[in-house]
Visitor: 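Below is a structure I'd like to ask you about.
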Amino acid sequence: MGIYDTLNAQQKKAVLQTDGPVLILAGAGSGKTRVLTHRVAYLIDECNVNPWNIMAITFTNKAAGEMRERVDKIVGFGAESIWVSTFHSSCVRILRRYADRLGYGNNFTIYDTDDSKSLMKDICKKYQLETTTLKLRGIMGSISKCKDNLVTTNEYALNTQNDFNKVRISKAYTEYQNALKKNNAMDFDDLIFNTVELFKKNPDVLEYYQDRFRYIMVDEYQDTNNAQFEFIRLLADKYRNLCVVGDDDQSIYRFRGANIRNILDFEKVYPDATVIKLEQNYRSTQQILDAANAVIGNNYGRKEKALWTEEKDGEKVHLRQFDTAYDEAEFIASDIGKLKRSGKLSYSDTAVLYRTNAQSRLIEERFVHEGIPYDIVGGTNFYSRREIKDLLAYLKTIDNGRDDIAVKRIINVPKRGIGATTLEYVQNYADERQISFFDALCEADQIMAVSRSASKLKDFVTMIRAFRTKQKSYSLEELLKDVIDITGYMDFLKTLDDDDDSGDNDRAANVDELISKIAAYEESDEVEEPTLSGFLEEVALVADIDRIGEDNEKVLLMTLHSAKGLEFEHVYLAGMEENVFPSYMTLQTEDSDPEGIEEERRLAYVGITRAKRNLTLTAAKRRMVRGETWFNQLSRFVKEIPGEYLDREKPEFDKPAFLFDDGDSIDEYEGVEDTYGTSGRYSDEDDSYRSSGRYGNGDSYGKSGGYSGIGVKSSYQNKNFGSDNGASQLSNSYKIKAKPAPKKPRAVPQSKPYIATAAKTHVKGSLAGISKGMPMKTAKPEYETGDRVSHIKYGIGTVTSLEEGPRDYKVTVNFDDCGQKIMYAAFAKLKKM
DNA sequence: AAAGCAAGCTTTTTT
DNA sequence: AGCTTGCTTT
């Protein structure tokens with residue numbers, strides 16, 4: 001049977017067990033994607049299952065894409081009719097057909113986290129729901145939890161037991177859902193929740209999909225939440241051919257509602273389940289696996305398993321500890337550079353992983369310095385960047401006036417002299433009449449209270465209507481460029497970050513990328529009828545990880561979370577320090593939530609097992625976090641790795657981090673009694689601190705204005721500190737934190753010049769170089785810098801610069817009447833005088 | 001009534 | 001460091 005012979009015994013068992021519930025516990029790197037794809041092939045080729053009856057759910061679009069590709073290769077025929085998609089996109093697909101059964105329009109829009117937040121903000125304001133203890137974040141969190149657990153607004157309302165906060169949350173939940181419905185919108189959680197609701201209330205719909213998906217496979221099952229579980233359970237209920245694949249040791253999304261019990265209790269829900277463990281690892285060396293096993297072994301309540309490999313040759317795991325995060329970043333960059341030069345490393349097979357997005361900046365700077373090409377995953381998702389959201393909000397407004405959030409976002413962007421008060425009146429008018437915000441704007445004349453601003457509102461409406469008219473004859477790309485041009489959006493961006501121009505460049509480049517993206521969408525073969533709504537939908541569900549291409553010769557920088565499911569020859573885990581990883585937040589809540597630390601450990605496990613051959617752990621003794629200097633001890637996860645698996649350059653690494661070595665650039669360090677018998681402060685002669693932050697006046701830190709760095713134990717109180725100093729609350733002797741003194745920040749040696757260059761080649765978070773098939777370019781305009789030109793709206797001016805963009809020329813004109821404007825040449829339709 | 005500026009507060013992770 | 005909020009200015 002050919003292709004199945006390459007599988008090991010356990011893998012083969014997993015492939016051949018096609019019927020009934022199956023739980024595959026697949027350790028990291030144990031070839032689970034291979035198993036899944038072979039299983040699909042087996043179902044089709046050997047069991048005569050119609051591809052149409054197979055559904056495979058993955059976590060990210062990228063994973064879905066990869067699975068689809070591999071299935072296509074191995075199946076050959078009919079592969080395209082298999083549903084391979086994420087939970088969210090599956091649900092969208094179903095809801096697009098049946099949302100009307102729930103009282104939504106089938107063309108509902110999808111709100112991202114930002115959109116939901118602004119909607120909720122309005123609601124909280126309207127009903128005065130926020131208190132000192134109950135903030136927006138908490139309300140949103142509670143509601144999200146409700147949806148994850150399939151608790152409806154009514155059910156929640158019945159269970160408030162007159163608890164003060166619960167009553168408020170209940171009100172917020174109810175109003176929020178009402179508002180969503182009115183806006184014909186759903187948030188991420190709703191997509192799953194509503195699909196389950198749809199299935200429960202409409203047996204005919206459920207049965208249709210049950211009959212359709214006779215064989216269901218779910219990847220990354222350990223990260224499903226209760227609603228997702230219910231979605232799957234309902235679908236699989238008729239034929240019970242449900243195969244879930246996961247690894248409880250890699251469950252890292254609890255904060256998002258993932259319920260590790262879904263995988264741990266699978267056998268309780270399906271007592272007849274076949275359980276198969278895949279423990280042979282085909283990815284990493286024994287040394288790396290030993291380290292991973294040693295770390296994860298400290299967790300309780302896991303399904304016992306031990307990864308092993310036949311790959312015995314390998315280096316030890318490298319450990320390097322540095323004085324500062326700068327040194328750490330410098331090492332990573334230079335080490336990668338060195339290995340690359342000696343031919344031992346390829347950029348595309350190398351990743352730097354860290355706990356928080358904020359850690360990327362320093363590393364990024366050093367990469368630029370060393371000339372190492374890189375790409376950053378995550379941070380602010382391309383589609384959550386301000387400039388992109390603004391432009392998309394214009395497109396949404398043009399597409400569908402019912403989306404109040406989009407309209408409000410852009411009504412005064414760029415500034416049109418329409419302020420908060422005016423908007424409030426308009427909103428009240430809309431509320432009274434139960435009409436949309438945009439419809440209210442159309443009747444601005446009727447709203448007495450805004451009579452003074454009525455003309456501005458009318459101008460806005462007229463502009464949007466003009467776009468709608470143009471939409472009929474324009475391509476999407478033309479429409480977007482026209483929006484940018486008419487609104488003077490590039491101009492507005494210029495005013496945004498005037499302190500330094502690098503951010504500005506990024507933003508402009510991101511706008512270029514959006515144009516490329518919309519053009520690529522229009523020209524894509526996969527879309528038969530490109531529409532504005534289609535584009536907006538496609539864009540709504542992309543995760544940042546989805547855009548990584550394989551072929552790029554670039555080092556990837558990303559969080560540990562983003563790295564799940566990926567593998568690299570060389571992996572650097574940066575910031576292996578207490579309070580960084582495990583995170584400060586987790587350690588703070590350790591008593592009330594002991595499971596937090598277990599999840600962090602799983603995250604460490606995920607990180608370590610990303611490496612195939614070469615793993616380097618790095619840590620810094622001190623680093624700047626949100627304007628404070630933190631002194632952290634080496635991460636407990638490093639200490640959990642037995643010394644014999646480690647190659648460490650500094651044998652004294654595990655002494656308390658704040659005992660500085662002789663070479664350290666600290667002039668004075670006084671010991672004070674505490675857990676470690678020390679703590680101290682620095683003299684202010686020391687200039688090695690690149691502190692910044694707003695500590696404009698040193699009074700609260702003591703007269704000396706000196707540096708107060710302390711090692712703290714729970715009972716330690718330092719009177720020189722403001723009472724809000726987090727240090728006094730620290731309960732674990734690992735934690736050492738200090739505040740910087742007012743000090744002239746030492747010029748950071750890298751900085752601007754090459755950051756600016758970097759923006760051109762590696763646009764952070766943009767799609768630079770990723771969208772394929774950039775089509776033909778607009779011809780060079782007839783005019784040049786210095787020429788006098790005329791514009792239909794702005795009149796006559798002088799061209800001050802003509803810059804070549806990826807798809808079009810960007811022309812800057814200094815108009816005699818309205819000053820400088822930046823626009824796209826193809827759209828400005830400038831006439832040379 | 002809107003825009004501009006300074007102070008204050010914060011997030012760890014994301015479909 | 002970045003974003004929101006509140007206050008002052010126009």
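Values in this document were obtained by computation on a predicted structure and should not be read as measured data. All chains are named by letter (A, B, ...) in the order of the sequence lines, taking the proteins before the strands, and each is independently numbered beginning at 1.
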Visitor: So, does A:Ser635 use its side chain to make a donor-acceptor pair with the main chain of A:Phe581 at under 3.5 Å?
Guide: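 Judged by distance alone, yes, a pair lies under 3.5 Å.
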Visitor: Choose from B:dT12, C:dT5, B:dA3 the nucleotide whose nearest atom is closest to any side-chain atom of A:Lys121.
Guide: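 Nearest to the side chain of A:Lys121 among the choices is C:dT5.
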Visitor: What's A:Glu599 touching, base or sugar-phosphate or nothing? Going by heavy atoms closer than 4.0 Å.
Guide: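 Result for A:Glu599 = nothing.
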Visitor: Would A:Lys415 pass as a cation-pi partner of A:Phe492, given that its NZ or CZ must be under 6.0 Å from the six-membered ring centre and within 45 degrees of the axis?
Guide: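 Negative - A:Lys415 is either too far from the ring of A:Phe492 or too far off its axis.
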Visitor: What is the distance, to the nearest angstrom, from the CG atom on A:Asn225 to the C1' atom on B:dT14?
Guide: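 Atom-to-atom, A:Asn225 to B:dT14, this comes out as 13 Å.
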Visitor: Please report, rounded to the nearest Å, how far the P atom of B:dT11 is from the CG atom of A:Asp114.
Guide: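 Going from A:Asp114 (CG) to B:dT11 (P), I get 14 Å.
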Visitor: In terms of the nearest nucleotide of DNA chain B, which residue is placed more toward the 5' end: A:Phe87 or A:Arg355?
Guide: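 So the residue in question is A:Arg355.
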Visitor: Roughly, in whole Å, what's the span from NZ in A:Lys415 to P in B:dA3?
Guide: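 My rounded result for the distance is 6 Å.
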Visitor: Measure from the side chain of A:Thr421, starting at C-beta and using heavy atoms only, and say which of B:dT10, B:dA2, B:dT13 lies closest.
Guide: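 Side chain of A:Thr421 sits closest to B:dA2.
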Visitor: If I take atom NE2 in residue A:His561 and atom C1' in nucleotide B:dT12, what distance separates them, rounded to the nearest angstrom?
Guide: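 The answer, rounded to whole Å, is 8 Å.
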Visitor: Quick check on B:dT13: is either OP1 or OP2 less than 4.0 Å from any side-chain nitrogen or oxygen of A:Asn357?
Guide: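 True: A:Asn357 side-chain N/O within range (under 4.0 Å) of B:dT13 OP1/OP2.
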Visitor: Considering just the side-chain nitrogens and oxygens of A:Thr559, establish if one lies under 4.0 Å of OP1 or OP2 belonging to B:dT14.
Guide: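 Answer yes for this pair, as a side-chain N or O of A:Thr559 is under 4.0 Å from OP1 or OP2.
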Visitor: Answer yes or no as to whether B:dT13 has its base stacked against A:Tyr253, where stacking requires a ring-centre separation under 5.5 angstrom and planes under 30 degrees apart.
Guide: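 Aromatic stack with B:dT13 absent for A:Tyr253.
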Visitor: By the 4.0 Å heavy-atom rule, please label A:Asn412 as base, sugar-phosphate, or nothing.
Guide: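 Sugar-phosphate contact only.
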Visitor: Taking the nucleotide of DNA chain B with the nearest heavy atom to each, does A:Thr60 or A:Ile418 sit closer to the 5' end?
Guide: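 Between the two, 5'-proximity favours A:Ile418.
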Visitor: Between the protein and nucleotides 7-10 of chain C, list the N/O to N/O atom pairs that are separated by less than 3.5 angstrom.
Guide:
none

Visitor: Roughly, in whole Å, what's the span from CE in A:Met140 to P in B:dT14?
Guide: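 The answer, rounded to whole Å, is 17 Å.
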Visitor: Side chain of A:Thr113 only, heavy atoms from C-beta on: which candidate in B:dT15, B:dT12, B:dA3 is closest?
Guide: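 Comparing B:dT15, B:dT12, B:dA3 against the side chain of A:Thr113, the answer is B:dT15.
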Visitor: Answer with base, sugar-phosphate or nothing: what part of the nucleic acid does A:Ala358 contact at a heavy-atom distance below 4.0 Å?
Guide: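 Here A:Ala358 touches no strand at all.
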Visitor: Of A:Leu136, A:Asp187, A:Ile405, which is the lone residue that meets side chain to side chain contact (heavy atoms under 4.5 Å, CB included) with A:Lys117?
Guide: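 When A:Leu136, A:Asp187, A:Ile405 are each tested with A:Lys117, the side chain to side chain contact (heavy atoms under 4.5 Å, CB included) holds only for A:Leu136.
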Visitor: Given atom CG of A:Leu95 and atom P of B:dT15, what is their separation to the nearest angstrom?
Guide: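 For the pair A:Leu95 CG and B:dT15 P, the rounded distance is 20 Å.
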Visitor: Are the aromatic ring centres of A:Phe59 and A:Tyr253 under 6.0 angstrom apart?
Guide: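 Here the rings of A:Tyr253 and A:Phe59 have centres that are less than 6.0 Å from each other.
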Visitor: OP1, OP2 of B:dT10 versus side-chain N and O of A:Lys135: anything below 4.0 Å?
Guide: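 Indeed, a polar side-chain atom of A:Lys135 lies that close.
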Visitor: A:Asp112 side chain to A:Asp115 main-chain N or O, any donor-acceptor pair under 3.5 Å?
Guide: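 Confirmed, A:Asp112 side chain pairs with A:Asp115 backbone.
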Visitor: Can you list every stem that DNA chain B is part of, counting only runs of 3 or more consecutive Watson-Crick or G-U wobble pairs with both distances under 3.5 Å?
Guide: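 Ordered by first number, the stems with DNA chain B (at least 3 consecutive pairs each) read B:1-10 with C:1-10.
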Visitor: Tell me whether the centres of the aromatic rings in A:Phe231 and A:Phe229 are closer together than 6.0 Å.
Guide: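 Centroid distance A:Phe231-A:Phe229: not below 6.0 Å, so no.
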Visitor: Starting at atom CG of A:Leu560, determine the distance to atom P of B:dT14, rounded to an integer number of angstrom.
Guide: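 So the CG-P distance, A:Leu560 to B:dT14, works out to 10 Å.
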Visitor: Identify whether any heavy atom of A:Thr356 sits under 4.0 Å from a base atom; if not, whether one sits that close to sugar-phosphate; answer base, sugar-phosphate or nothing.
Guide: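 Contact class for A:Thr356: sugar-phosphate only.
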Visitor: Quick check: does any side chain N or O of A:Ser583 sit under 3.5 Å from a backbone N or O of A:Val580, one acting as donor and the other as acceptor?
Guide: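 Side chain of A:Ser583 to backbone of A:Val580: no pair is present.
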Visitor: May I ask you to decide if A:Arg636's main-chain N or O and A:Glu578's side chain share a donor-acceptor pair within less than 3.5 Å?
Guide: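 Present.
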Visitor: Between C:dT5, B:dT14, B:dT12, which one does the side chain of A:Ser562 approach most closely?
Guide: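 Taking heavy atoms from C-beta onward, the closest nucleotide is B:dT14.
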Visitor: Check the side chains of A:Ser90 and A:Ser85 for a donor-acceptor pair under 3.5 angstrom, ignoring hydrogens and angles.
Guide: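 Checked: A:Ser85/A:Ser90 side chains pair up, N/O donor to acceptor below 3.5 Å.
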Visitor: What integer distance in Å separates A:Arg385:CZ from C:dG2:P?
Guide: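 Taking CZ of A:Arg385 and P of C:dG2, I get 12 Å after rounding.
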Visitor: Does A:Arg96 make a cation-pi contact with A:Phe108 (under 6.0 Å, within 45 degrees of the axis)?
Guide: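 Yes - A:Arg96 lies over the ring of A:Phe108, closer than 6.0 Å to its centre and within 45° of its axis.
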Visitor: In terms of side-chain heavy atoms of A:Arg361, which of C:dA1, B:dT12, B:dG4 is nearest?
Guide: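 Side chain of A:Arg361 sits closest to C:dA1.
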Visitor: Does a side-chain N or O from A:Thr422 land closer than 4.0 Å to OP1 or OP2 of B:dA2, or not?
Guide: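 Indeed, a polar side-chain atom of A:Thr422 lies that close.
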Visitor: Taking 4.0 Å as the cut-off, does a side-chain nitrogen or oxygen of A:Asn579 come that near to OP1 or OP2 on B:dT12?
Guide: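 It does not, given that no N or O in the side chain of A:Asn579 lies less than 4.0 Å from OP1 or OP2 of B:dT12.
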Visitor: Is the gap between the ring centers of A:Phe255 and A:His561 under 6.0 Å?
Guide: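 Yes, close enough.
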